[in-house]
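No hydrogens, no waters, no symmetry mates; every other heavy atom, side chains included, goes into these values. In this text the structure is predicted, and so the values were computed from the model without any measurement. Below, chain A is the first sequence line, B the second, and so on; all start at residue 1.
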2 protein chains.
Amino acid sequence: MQNDQHTSENILCAAEEVFADNGIAATSLRAIVKKAGANVAAIHYHFGSKEALIRAVFHRHIEPINNERLALLNALEADTSPITMEQLVHAFLAPMFHYFARQPQRVRGLFARLHSEPQWTRPILQQHHKILERFQQAFMHVAPELSAGQVRFRMTFMMGSMGIILSPNHPLLNGEQREAQTMEKMLSEIIKFNAAGMAAQAK
Amino acid sequence: MQNDQHTSENILCAAEEVFADNGIAATSLRAIVKKAGANVAAIHYHFGSKEALIRAVFHRHIEPINNERLALLNALEADTSPITMEQLVHAFLAPMFHYFARQPQRVRGLFARLHSEPQWTRPILQQHHKILERFQQAFMHVAPELSAGQVRFRMTFMMGSMGIILSPNHPLLNGEQREAQTMEKMLSEIIKFNAAGMAAQAK
DNA sequence: AATTGATTAAAACAAGTGTTTAAATCAATT
DNA sequence: AATTGATTTAAACACTTGTTTTAATCAATT
């Protein structure tokens, strides 16, 4: 018996990089194994299929992010003082940015694909669905004048705003604009924007 | 000589539908011509390549939308009364929704791909780039305390929030939630959200 | 009715796709 | 040293991809 994990780890990292660069749909297994220095069959040996590989690639990153999200939310709710909208948006968004800060760049680009290629990532998003409902409850508690539908909408807007800035090569923000800003600055900007949006009058 | 336009029109409509349903990257030319009742070679005869077809598909819709955007912006600036943030966000977002309202559903799904598959749409987005700078100036005029970079960021957030709700089958909003809301309701919600976000304190 | 030029059609092209098979290789245990 | 079971490899599988070619078809003009 042999527990190398060595090749499968290489494949996961290579897949992250190629997915981030070229997208999931446009990526062939051969492009992955070439970068990983492995054989095509290794993917099916270690993961079973392309789809299962995609699940594995995202899963190991989503798990810790959502755990930190829940930890922050729990901490907020444990405290006696009333929760502010900025705190809640922070609990939802900051874990992504903090996770990206301590991971290789490709992980950020990988996550840009999460919302931009639903074809492939739908089962992944659906799997981590409970956390959205958990935050929805929290948002409705902070902004009780909003209907459930309104909260849901605004959370979706928020995720859209987050998704679009992750993409390392999105045409809307060119390289200079993006890289001039530190991750921390970007985080504070997006929190300000979305906290204001979430708190907008229900009318 | 013959000016049928008939087949190329069929191809454009079929392409819209299949792009909306399955994404651009995942769509083969054969899937398009099958739905259009045409031959594979017809695409290359009428458009030249898959890439050129994609350009043509988007171009005929983007043009009128951006024209209406500019018309609204010009009207606002022509008026003597100071422009409000809601008015400006409305001028930017409403033309898309109004255009979708008078087009077949597939056009909405098609536009969801515009920001979610930059691989294919980058040249298109870059081509219609001037209008973004035009609106950036307007936003900076309405919110003079914001830096150019901040305005750019917030406009990007806004486009992200818009892009994510266009997708007809995005996992975040399930069918009931989406269809329960009329287009007009959705528009007013997203305008409120983004106007508040754009107007958030610069700190 | 014949000719012209635009349009369509079927077939083939070379290259790339995810997946499977069967043999080779490896490290560790007997 | 031989055996075992996990891992890797090269090759082939059947199928799809965008594009090109060549011949057929069409409507209109001569």
Side-chain angles (χ1 to χ4, degrees), chain A residues 1-60 110 113 117-124, chain B residues 1-60 110 113 117-124:
Chain A
M1 197 216 287
Q2 188 180 351
N3 71 331
D4 227 359
Q5 309 293 60
H6 172 292
T7 303
S8 69
E9 177 77 17
N10 283 354
I11 290 177
L12 284 174
C13 291
E16 288 172 1
E17 197 165 336
V18 190
F19 287 161
D21 286 347
N22 307 329
I24 301 174
T27 292
S28 70
L29 297 186
R30 284 167 176 82
I32 296 174
V33 296
K34 184 177 178 183
K35 178 155 289 194
N39 188 276
V40 212
I43 286 183
H44 293 87
Y45 178 76
H46 286 281
F47 301 96
S49 69
K50 181 182 185 179
E51 200 191 316
L53 168 64
I54 295 170
R55 266 199 306 273
V57 163
F58 280 100
H59 194 70
R60 65 171 183 168
L110 172 73
R113 306 294 177 175
E117 302 199 47
Q119 234 79 24
W120 296 94
T121 61
R122 174 168 300 113
I124 300 164
Chain B
M1 198 214 285
Q2 190 179 353
N3 70 334
D4 227 355
Q5 308 292 59
H6 173 293
T7 304
S8 69
E9 177 77 15
N10 283 355
I11 290 177
L12 284 174
C13 290
E16 288 173 1
E17 196 165 336
V18 190
F19 286 161
D21 286 347
N22 307 330
I24 301 173
T27 292
S28 69
L29 297 187
R30 283 166 178 84
I32 296 175
V33 295
K34 185 177 177 182
K35 177 156 290 193
N39 189 276
V40 213
I43 286 183
H44 293 87
Y45 177 77
H46 286 281
F47 301 96
S49 70
K50 180 181 186 180
E51 202 190 316
L53 168 65
I54 296 171
R55 266 198 305 272
V57 163
F58 279 100
H59 194 70
R60 66 171 182 168
L110 172 73
R113 305 293 177 178
E117 302 198 46
Q119 235 78 26
W120 296 93
T121 61
R122 174 169 300 111
I124 301 164

Within the pair B/H46 and C/dT8, is there a side-chain N or O less than 4.0 Å away from OP1 or OP2?
yes
Looking only at D/dT8, D/dT20, C/dG18, the nucleotide nearest the A/T7 side chain is D/dT8
How close or far is atom P of D/dT17 from atom CD1 of B/I32, stated in whole angstroms?
11 Å
Keeping the roles fixed (side chain from B/E16, backbone from B/L110), state whether a donor-acceptor pair exists under 3.5 Å.
no
Taking N and O atoms by type only, does the side chain of A/R30 place a donor or acceptor under 3.5 Å from a partner on the base of C/dG18?
yes
Atom CG of B/N10 to atom C1' of C/dT7: distance rounded to whole Å?
14 Å
In whole Å, what is the span from the CZ atom of A/F47 to the P atom of D/dT8?
11 Å
When you match A/S28 and A/N39 each to their closest nucleotide on DNA chain C, which lands nearer the 5' end?
A/S28
Paired with B/I32, the side chain to side chain contact (heavy atoms under 4.5 Å, CB included) test is passed by just one of B/V40, B/L53, B/L12, namely B/L53
Whole-Å gap separating P (C/dG18) and CD1 (A/I24)
13 Å
Nearest to side-chain heavy atoms of A/Y45, which nucleotide of D/dT19, D/dA6, C/dT19:
D/dA6
Measure across A/N22 and A/R113 and return the closest heavy-atom pair with its distance rounded to 0.1 Å.
C-NH2, 3.9 Å
Among D/dT7, C/dA10, D/dT19, find the nucleotide with the atom closest to the side chain of B/A41.
C/dA10
Check B/E117 against B/G23 and note the closest heavy-atom contact, atom names and distance.
OE2-CA, 3.1 Å
Length of the CD1-C1' vector between A/I43 and C/dT17, whole Å:
12 Å
Minimum heavy-atom distance A/D21-B/Q119, with the two atoms named:
O-NE2, 3.2 Å
Could you give the NZ-to-C1' distance, from A/K50 to C/dG16, as a whole number of Å?
12 Å
Measure from CD1 on B/I54 to C1' on D/dG18 and round the result to the nearest Å.
11 Å
Whole-Å distance separating the CD1 atom of B/I11 from the P atom of D/dG18
13 Å
